[in-house]
Amino acid sequence: MSSPAATSLGEAAAATRSITMPDSLRKLIRLLLGLAIAAVVWEGAVLLFGIRPYYLPRLSTILMAIAATPRAYVDGFLRTLAETLIGFASGGAFGVLMGIVFFRVRALREMIFPIFVVSQTIPVIAFGALVVLWFGNTLLAKAIIAFYLTFFPVTVNTLLGLDTVDPKQVALMRSFGASNRQLLLRLQLPTAMPQIFVALRLAASLSLVGAIVGEWFGDTTGLGVLLLQAMFTENVVAIWGALLAAALLGTGFYAVVAAVERRLVFWSAEQ
């Protein structure tokens with residue numbers, strides 16, 4: 001027969017377990033706390049060390065400037081987001097497809113893959129100029145530039161991931177009568193997924209860079225446009241405002257890709 005004290009301790013432990021915060025909420029609180037600390041350090045450092053606004057404005061000043069013209073930042077954020085998503089999605093899909101093709105057909109790998117390598121030696125500024133000449137200052141042109149920076153790392157990592165498949169596992173599945181399609185979907189792609197998502201996380205940042213660079217060739221909306229206008233007028237506060245908006249977009253996009261990776265490639269975290 002248990003004592004009242006033991007019973008009370010057990011009930012307290014059960015109550016504690018029942019009110020334990022979910023892991024996602026705990027991570028969110030940590031993130032918000034980290035951002036709050038960074039904001040305080042930023043604001044305090046500028047005041048404490050007397051940093052001139054030309055080099056680093058106060059965070060509160062930047063946020064007030066954004067709040068004064070929110071429509072420009074919201075429209076720019078959404079436009080750049082659309083360009084980034086289109087370029088990322090098309091570049092990611094194309095990269096995975098070409099990685100599979102190069103893995104299956106070695107002759108095509110030897111003929112076309114070197115062309116892919118050479119294409120990446122072309123500066124994005126030069127490539128962007130050509131794309132804008134061909135397609136004009138359109139959303140499609142900016143998405144193509146984002147695609148250009150996205151597809152190559154995904155292609156390379158897909159090919160690397162497929163090459164790591166254990167031949168003994170392939171032979172075992174062949175012995176059970178598995179077709180090429182079944183091998184790809186049930187063994188090869190799952191094995192390559194961790195490598196593919198490494199490239200996709202990198203591509204999340206590169207696609208944003210491509211979209212912003214594309215907007216520098218002329219547009220009316222976008223974070224790149226806001227950044228370029230601020231540079232021309234030497235408006236340091238506006239430059240930092242555009243940088244903060246781009247950082248928010250890039251960080252959020254990266255976090256979404258990482259969350260999808262944790263959901264789909266759960267076995268990688270268990271190893």
Side-chain angles (χ1 to χ4, degrees), residues 76-103 109 112-132 135 138-164 184 188-217 222-224 227 242-243 245-269:
F77 187 94
L78 294 177
R79 173 60 181 259
T80 303
L81 173 62
E83 297 162 354
T84 301
L85 285 176
I86 295 172
F88 174 83
S90 57
F94 181 77
V96 171
L97 176 62
M98 294 310 300
I100 294 172
V101 170
F102 291 156
F103 175 72
R109 183 197 306 193
I112 300 177
F113 189 74
I115 299 176
F116 280 14
V117 175
V118 172
S119 73
Q120 297 304 298
T121 65
I122 301 173
V124 64
I125 294 292
F127 178 77
L130 284 175
V131 172
V132 171
F135 298 97
T138 61
L139 185 148
L140 175 63
K142 313 307 186 295
I144 290 174
I145 299 172
F147 167 91
Y148 168 73
L149 292 180
T150 300
F151 81 89
F152 185 71
V154 178
T155 301
V156 171
N157 275 40
T158 300
L159 185 57
L160 289 175
L162 292 173
D163 281 336
T164 63
L184 177 66
Q188 293 165 340
L189 272 182
T191 302
M193 274 295 179
Q195 284 279 7
I196 293 173
F197 268 99
V198 168
L200 290 177
R201 282 188 272 116
L202 174 62
S205 300
L206 292 176
S207 59
L208 174 59
V209 172
I212 290 178
V213 169
E215 292 168 353
W216 288 354
F217 291 100
L223 297 180
L227 185 59
L243 290 177
L248 175 63
L249 174 55
T251 303
F253 195 16
Y254 183 94
V256 170
V257 175
V260 173
E261 178 183 9
R262 287 193 299 269
R263 178 62 63 89
L264 295 182
V265 197
F266 54 87
W267 63 87
S268 179

Minimum heavy-atom distance between Ala146 and Glu83, given as atom pair plus value: CB-O, 4.1 Å

Exam field: side chain Ser90 to backbone Gly87, donor-acceptor pair closer than 3.5 Å: yes

Minimum heavy-atom distance between Phe197 and Leu264, given as atom pair plus value: CZ-CD1, 4.0 Å

Among Phe151, Phe88, Phe152, ring pair (Phe, Tyr, Trp, His ring centres under 6.0 Å) partner for Phe94: Phe151

Intermediate values then yes/no, side-chain contact (heavy atoms from CB on, under 4.5 Å), Leu223 and Leu227: CA-CA 6 Å; Leu223 297 180; Leu227 185 59; over 6 Å; no

Polar contact flag, side-chain donor to acceptor under 3.5 angstrom, Glu215-Thr80: yes

Closest non-hydrogen atom pair, Ala211 against Thr84: CB-OG1, 3.6 Å

Gap separating the OG1 atom of Thr150 from the CG atom of Leu202, nearest 0.5 angstrom: 8.5 Å

pair Val156-Phe116: side-chain heavy atoms closer than 4.5 Å: no

Minimum-distance pair of heavy atoms, taken over all atoms of Gly99 and Thr158: CA-CG2, 3.9 Å

Polar side-chain atom of Tyr148 near backbone of Gly128 as donor-acceptor pair, under 3.5 Å: no

From Leu248 atom CG to Phe77 atom CZ, the distance as rounded to the nearest 0.5 Å: 4.5 Å

Closest non-hydrogen atom pair between Leu139 and Arg79, with its separation: N-NH2, 3.3 Å

Nearest-0.5 Å distance that lies between atom CD1 in Ile212 and atom CD1 in Ile145: 12.0 Å

Test log, rule side-chain contact (heavy atoms from CB on, under 4.5 Å), inputs Ile144 and Phe127: CA-CA 10 Å; Ile144 290 174; Phe127 178 77; 4.3 Å; yes

Value rounded to 0.5 Å, distance of CG in Leu208 from CZ in Phe253: 8.5 Å

Distance-minimising heavy-atom pair for Leu149 and Pro153: O-CD, 3.8 Å

Point-to-point distance, once rounded to the nearest 0.5 Å, from CD1 of Ile125 to CG of Leu130: 12.0 Å

Expected output: side-chain Arg109 to main-chain Phe102 donor-acceptor under 3.5 Å: yes

Test side-chain contact (heavy atoms from CB on, under 4.5 Å) applied to Ile196 and Val265, step by step: CA-CA 10 Å; Ile196 293 173; Val265 197; over 6 Å; no

Ser207 side, atom OG; Leu200 side, atom CG - distance, nearest 0.5 Å: 10.0 Å

